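Quantities reported herein were computed from a predicted structural model and do not represent experimental measurements.
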Amino acid sequence: MAHLSDYDTRRQHTATVKSSRRLTPEDTQEIRELVLEVNDPSFHCEIDQSFGVLIQTHDDFGNTQHHRLYSVADLPKKVKGKTWVTLLVKRCNYVDPFSGELQYGIASNYLCDRKEGDQITITGPFGLAFSVPENREANLILIGMGTGIAPFRAFIKHIYTNIKDWKGRIRLFYGAKTGLELLYQNELDDDLTSYYDQKTFQAIHALSPRPVWNDVMTLNESIEERSEEILEMLSNLNTYIYVAGHEKVKEGLDEVFSKMMGSKEKWETRKAELIAGKKWAEIIY
C-alpha cells in the first residue's frame with residue numbers, strides 16, 4: 001500500500017479555482033465540489049488518476065508542507081488548451097482524544113475555504129489503485145460512501161459517454177445518512193440518474209437513519225440483500241470489486257462476503273483470486 005510520502009511532490013502545477021459549490025444542505029456535513037483549471041498546458045489527467053494538493057504549513061513536527069491526494073471526480077476536459085479537473089472534499093474537524101481540543105483538517109478546510117479565482121498548488125497526476133477494465137463485458141461492483149463516490153462517478157460517466165457499448169453489469173452500492181447526502185443522486189444534483197436507463201447500470205442506495213456519517217451497517221445490509229446477484233457475478237472470472245471511502249467502509253465487508261459465500265475460507269480464496277488478478281482494489285482514507 002502506498003503512503004503519501006511515496007509520492008513525488010516535485011511535479012508541481014498552479015491551478016485556479018473556477019468554481020466551488022456545496023453539494024450537501026447547510027444542516028449536514030459540508031461536502032464541496034471544486035473545479036480547478038491547471039495553468040500549465042502540458043498537464044494532462046485521466047479519469048483513472050488522482051492528483052495532490054500541496055499546502056504550505058507549519059506543525060509541531062517541523063513539517064512545512066501538507067500533501068493530500070484526491071481522485072478525479074468528473075471527466076477531465078480541455079478548455080482553451082488548459083485542463084479542468086474536478087474534486088470532492090469534505091470539511092473535516094475532529095476532537096483530539098488526548099487534549100480534548102477541536103482540530104481542523106488541514107487540506108479539507110483549506111480547500112473548502114477557497115473562492116473562485118484563488119490559486120492553489122497541485123501535484124501529479126498519479127495513478128489510482130483501480131482503472132476501467134479494457135474488456136467491455138467486465139462486471140463492476142463499486143462500493144463507497146461520502147466522497148468515495150468521486151472516482152466511481154468519473155468511471156460511470158466515462159463508460160456511458162465515451163465507451164457507450166458497455167456490456168458488463170455495473171452495480172454501485174453507495175451509502176449516506178439521507179437522500180440529500182447521496183451526492184449526485186438527490187433532488188438537487190441528479191447527475192448519476194442520467195444513466196438509470198442503461199440496461200447494465202444500477203445504483204443501490206443505502207440510507208441510514210443513524211447519526212454517524214461513516215456508519216456502514218446499512219451499506220453492508222444492502223449488499224447482503226443482493227447476495228444472489230453478487231454471487232452470480234463473482235462466479236464470473238471477469239468481475240471486479242472496487243471499494244472507496246472512509247476506512248470504515250471496508251470494515252465488515254469480509255464478514256458480509258463470507259456470509260454470502262457460506263464460509264470465511266471460501267471468501268478468502270475468492271478474494272485472493274481477485275487480488276491476484278488485480279480485480280479487487282481499495283482507495284481508503
Would you mind reporting whether [Y] and [X] have side-chain heavy atoms less than 4.5 Å apart?
X    : Y    : value
I122 : F43  : yes
T200 : K167 : no
Y160 : I170 : yes
Q56  : Q65  : yes
F257 : I241 : yes
L34  : I120 : no

For the backbone of [Y] and the side chain of [X], can you confirm whether one donor and one acceptor N or O come within less than 3.5 Å of each other?
X    : Y    : answer
N139 : R169 : yes
T86  : D74  : no
K271 : W280 : no
Q49  : E46  : yes
R226 : S222 : no
K157 : A73  : no
T239 : M233 : yes
T83  : V38  : no

Give a yes or no on whether a salt bridge exists between [X] and [Y], defined as a side-chain N under 4.0 angstrom from a carboxylate O.
X    : Y    : result
R91  : D113 : yes
E33  : R21  : yes
E273 : R270 : yes

- Message: Ring of F173, cation from R171 - is the NZ or CZ under 6.0 Å from the centre and inside 45° of the axis?
- Response: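 Relative to the ring axis of F173, which defines the angle, R171 lies outside at least one limit.
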
For the student: nearest non-hydrogen atoms of [X] and [Y], plus distance:
X    : Y    : value
R11  : H13  : O-CD2, 3.9 Å
G52  : L69  : CA-CD2, 3.7 Å
Y240 : A138 : CE1-CB, 3.8 Å
P151 : S71  : CD-CB, 3.9 Å
F51  : F126 : CA-CD1, 4.2 Å
E37  : W84  : OE2-NE1, 3.0 Å

- Query: Any chance CD of E255 has more than 12 other-residue heavy atoms, nucleotides or ligands included, within less than 6.0 Å?
  - Reply: no

- May I ask you to check whether over 12 heavy atoms, not counting those of K78, lie within 6.0 Å of atom NZ?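 Atom NZ in K78 is packed in, count exceeds 12.
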
- Item | Worked verdict on R32 versus S20 for side-chain hydrogen bond (donor to acceptor under 3.5 Å, both in side chains) | CA-CA 7 Å; R32 303 191 74 85; S20 174; 2.9 Å; yes

- Query: Just how far is it from atom CD1 of I47 to atom CD1 of I159, taken to the nearest 0.5 Å?
  - Reply: 7.5 Å

- Relative to the ring of F155, is the ring of F130 parallel (under 30°), tilted (30 to 60°) or perpendicular (over 60°)? perpendicular

- From T123, T9, T121, residue fulfilling side-chain hydrogen bond (donor to acceptor under 3.5 Å, both in side chains) relative to H67: T123

